[in-house]
Amino acid sequence: MHRVLGMVVVALLALGAAACGGDDSSSQSTDNGGKELSGKIAVLLPDSKSSDRWENADRRFFGEAFKAAGLSDSDFMINNAQGDPATQRSQAEQAITEGAKVILLVNLDSGSGAAIISSSKSQGVTMIDYDRLTLNGDADYYVSGDATEAGRLQGKGLIDALDKAGKTKASIAELHGAPTDSFATDLHKGYDEVLKPKLDSGDYKLVAAQAVPNWDGQQALTIFEQMLQKTGNKIDGVVAANDTLANSVIAAQQARKLDLVPVTGLDATAQGVQHILAGEQAMTVYFSIKDQATKAANLAVQIARGEKPTGIETNVDNGAKQVPTIFLKPVTITKDNVADTVIADDFVAWKDVCVGKYKQYCPADAQ
């Protein structure tokens with residue numbers, strides 16, 4: 001009799017705990033009490049060349065977030081188009097064939113992205129733009145960092161670095177991100193806003209500016225070499241839209257045996273952090289990719305479980321509609337706060353930074 005009563009008490013306690021756990025709809029945790037999914041979740045990443053974050057960070061953090069939600073490996077899929085829009089469309093179609101009901105898309109360009117969204121939605125799939133907004137598309141949600149604010153931080157970072165170098169008058173260059181990427185467009189808007197007063201006053205002169213197709217580092221190297229040639233090496237500072245482009249700027253100057261000039265970045269890659277610690281790059285801009293991927297995963301899981309999405313903070317106009325959006329705030333990264341941000345967040349590890357000639361710039365206690 002005591003055994004039966006004990007079993008009843010245990011069962012009632014378990015039910016009570018489950019009920020309490022299911023009431024907190026405002027939580028950003030991906031633990032949703034184990035409700036069944038209406039279908040699978042697919043994540044479509046763009047490439048590996050524009051930034052190493054896609055494979056080294058986003059893939060990892062999505063996987064961790066889905067597992068934390070109680071999903072098994074068969075409940076989700078993460079694929080990378082490796083820069084090919086046709087491949088990305090095929091991946092979307094295959095995901096739907098395999099039962100995907102929610103797709104998180106990092107488009108390669110707005111045209112191909114809009115086509116994927118339209119086709120997928122016609123088959124009953126909920127579409128989430130991840131990181132890059134699909135202009136004139138029909139995405140149901142958007143999760144990203146605030147690119148315009150990130151651009152403002154890049155512009156301020158360049159000004160601060162030039163001031164520190166004593167360059168009150170400066171010739172500057174800009175290496176924009178991919179012309180097909182709305183995130184790059186918003187970055188551009190942000191740093192131009194900050195730099196405009198300096199340019200209008202004549203303190204700064206914009207001597208070269210060009211977008212880099214596909215954020216490709218090799219093309220960026222060629223473009224910046226041409227900029228140096230055109231200006232007779234007279235460039236005092238560079239807005240580089242991400243760390244891949246910043247690395248190309250640094251490499252071009254080193255090949256010509258020039259003194260390095262301040263250059264900005266974005267993504268806080270291991271390579272970017274190396275350059276910052278060594279004084280080769282002025283700063284980078286960081287979004288917590290772990291937080292971004294977790295919030296996006298949480299949103300996808302809520303949708304797949306038929307729950308009301310939480311965490312929507314604003315709407316963004318994509319040119320065709322207002323898209324419910326979750327925005328993350330950017331952070332400026334310099335050598336002073338690397339350890340407290342990207343390292344502490346497990347976004348970049350000291351073991352990946354403190355190698356070769358860069359080991360000498362790492363703290364003594366770097367693990």
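Throughout, residue positions are numbered sequentially from 1 according to the sequence presented.
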Value rounded to 0.5 Å, distance of OG1 in Thr264 from CG in Leu175: 9.0 Å
Parallel, tilted or perpendicular, as decided by the 30° and 60° cut-offs, for the rings of His176 and Tyr191: parallel
side-chain contact (heavy atoms from CB on, under 4.5 Å), paired with Val273, selected from Val338, Asp352, Ile343: Val338
Qualifying residues under salt bridge (Lys or Arg N to Asp or Glu O under 4.0 Å), relative to Asp291, sequence neighbours excluded: Lys295
Side-chain (Asp203) to main-chain (Lys169) donor-acceptor, under 3.5 angstrom: no
Test item: side-chain donor near acceptor, Gln302 and Thr310, under 3.5 Å: yes
OG1-CZ distance between Thr269 and Phe347, expressed to the nearest 0.5 angstrom: 7.5 Å
Which atom of Pro213 lies closest to which atom of Pro179, heavy atoms considered: CA-CD, 4.1 Å
Flag for Asp140-Thr126: side-chain donor and acceptor within less than 3.5 Å: no
Within-4.5 Å side-chain heavy-atom neighbours: Arg305 and Leu37: yes
Side chain to side chain donor-acceptor pair (under 3.5 Å) partner of Arg132, chosen from Asp186, Asn107, Asp181: Asp181
Glu149 vs Arg152, salt bridge (Lys or Arg N to Asp or Glu O under 4.0 Å): CA-CA, chis, key distance, verdict: CA-CA 5 Å; Glu149 181 59 23; Arg152 293 188 187 107; 2.8 Å; yes
Distance in Å, Glu174 CD paired with Leu187 CG, rounded so as to fall on 0.5 Å steps: 11.5 Å
Minimum heavy-atom distance Asp345-Lys290, with the two atoms named: O-CD, 4.1 Å
Asn242 (side chain) donor-acceptor with Thr244 (main chain) under 3.5 angstrom: yes
Side-chain donor or acceptor of Gln281 paired with backbone N/O of Val263 under 3.5 Å: no
Student check: side-chain heavy atoms of Phe287 and Asp131 closer than 4.5 Å: no
Validation row: Gln218, Lys49 side chains within 4.5 angstrom (heavy atoms): no
Of all pairs that satisfy side chain to side chain donor-acceptor pair (under 3.5 Å), the ones with a partner from residues 314-339, not counting sequence neighbours: Asp138-Lys321
Plane angle bin for Phe66 and Phe62 - parallel if under 30°, tilted between 30 and 60°, otherwise perpendicular: parallel
Greater than 12 external heavy atoms within 6.0 Å of Gln229's CD: no
